[in-house]
2 protein chains.
Amino acid sequence: MADGMALTARRKRLAPEARREQIVDAAVCYFAEVGLAGTTRDLAKRAGITQALLYQYFGSKAELLEAVFARVYLDRMSPHWPGLITDRRRPLRERILTFYAEYAGAIFSYEWLRIFMAAGLAGEALNRRYLDHVRDVLLAPLLDEIRFAARPDAQPEMEDLWNLHGGIIYLGIRRHIYHLPTPDDVMPVIERAVDRFLAGFAIGQ
Amino acid sequence: MADGMALTARRKRLAPEARREQIVDAAVCYFAEVGLAGTTRDLAKRAGITQALLYQYFGSKAELLEAVFARVYLDRMSPHWPGLITDRRRPLRERILTFYAEYAGAIFSYEWLRIFMAAGLAGEALNRRYLDHVRDVLLAPLLDEIRFAARPDAQPEMEDLWNLHGGIIYLGIRRHIYHLPTPDDVMPVIERAVDRFLAGFAIGQ
DNA sequence: TCTTTAATTGGTCAAATGATCAACGACGGG
DNA sequence: CCCGTCGTTGATCATTTGACCAATTAAAGA
């Protein structure tokens, strides 16, 4: 019992992959909080390792940030969303709501939103690539579906979909970037937004 | 003619207020571009002055950034918007469109959006204060107006207005934060968004 | 248990950065 | 024309920060 060093003891000798994972985890959390200009020393301190060890696993801070970006974006884009969106056996409204419920669940995280925004400010090409992907793989099919269901004289454009999308994303921005109070459950708000949108193109529920 | 030093010559002896203005102007442009972590040296170089001179006018970098925030936000909020919004002699739709045309004109600038977003990421209280102001002075009256015009069984909530607002702001975010292509004229998109919104609460044009 | 491997660390360097100050010199007043 | 004020500058300091390396030591294999 006198041997109380168990908790605060020196941490040593992790398998390289495990250590790398741990570093990236800590880096995601750290850079999300303090911004991409955070220092390697503070990050190392928070990760419970020495600063020098970072350079055992990453050649430079930029390389570490690359790993952070990869971690944050990887698998946040579910491959079944395109199929969900275009599955005409289900009602359109239900498809959209299911999609945005899952999308919000994946995107509305402190780490994701803040790192994504910081990357945008830093001029990383990542954001453009990601949002091009969102447009091509998610919004474009969604546009097709809505056009298919809409009256010929009330056809939406891509910009209208960006407007719907942005109104929803803005919830996350208010919460995680501006630290403003937002509803705990975002789905009712999203639901009403989607309903207004569909009604605007004369699509019944 | 041999005296060609006029353009590249040493700049000296400006009146203190003029110099201060010039520094703040340059700082707004500089920090919007490179982020709040930009250096005083680079800023000074861009402003065509020495780095030491910055500290003649501002006690610290933080103090300079305060001046930048003040400059960017000051008078971007027109005092006649509340009156415009609540002027029931004009049709509601027209009021909203006029307001958002002016609001977008004031807000959709590279400097404003980027510095505002960077301040949010940096945890500045400024964003919360500004958006509280937007909610209290603009969106709350707007909510009242729409509720007044809406059917009793289809009353919007504040979150619905944030949704409308966010969808519009997202246009500026896409353009200036993510550097994505957006329509040159945003008003048609805003117009359709507002029309969908009003229709969603059963308000005719 | 001993040896070997390599994960980890303390120490250190060079460059960058916020901040300071004595000295210079442009401009207005006498 | 000279002088004094004060806006401006070059030099410099103390830290911070990204990056590196030789020495240390925990853990696996024989």
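Residue Tyr55(B) places at least one side-chain N or O closer than 4.0 Å to OP1 or OP2 of dA19(C). For the pair Thr50(A) and dG10(C), the criterion of a side-chain N or O lying under 4.0 Å from OP1 or OP2 is not met.
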Legend entry - From CA spacing to verdict: salt bridge (Lys or Arg N to Asp or Glu O under 4.0 Å), Glu157(A), Arg192(B): CA-CA 10 Å; Glu157(A) 299 176 21; Arg192(B) 293 200 296 274; 3.4 Å; yes
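Looking at Arg41(B), its side chain comes within 3.5 Å of the base of dG18(C) through a donor and an acceptor atom.
Side chain of Tyr57(B), nearest nucleotide from dA19(C), dT8(D), dA19(D): dT8(D).
Taking atom CD1 of residue Ile49(B) and atom P of nucleotide dG7(D), one finds them 14 Å apart after rounding to whole Å. Remark: P of dG18(C) and CG of Asp42(B) are 9 Å apart, rounded to the nearest angstrom. Leu65(B) has its CG atom 12 Å from the C1' atom of dG18(C), to the nearest Å. In this entry the distance linking CD of Gln56(B) with P of dC6(D) reads 11 Å, nearest Å. Computed from coordinates, the Leu53(A) CG to dC21(D) C1' distance equals 14 Å when rounded to whole Å. The interatomic distance linking Arg13(A) (CZ) with dT24(D) (P) rounds to 15 Å, in whole Å. The distance between atom CG of Leu64(B) and atom P of dT17(C), rounded to the nearest whole Å, is 16 Å. Rounding to whole angstrom units, CG of residue Leu54(B) and P of dT20(C) are separated by 13 Å.
Among the heavy atoms of the strands, none lies under 4.0 Å from Phe58(A).
Exactly one of Gln22(A), Glu21(A), Glu17(A) qualifies for a side-chain hydrogen bond (donor to acceptor under 3.5 Å, both in side chains) with Arg19(A). That residue is Gln22(A). Results of the ring pair (Phe, Tyr, Trp, His ring centres under 6.0 Å) test with His165(A) over Phe197(A), Tyr100(A), Phe99(A) single out Tyr100(A) as the only residue that passes.
Note that the OH atom of Tyr30(B) and the CG atom of Leu36(B) stand 10.5 Å from one another [nearest 0.5 Å].
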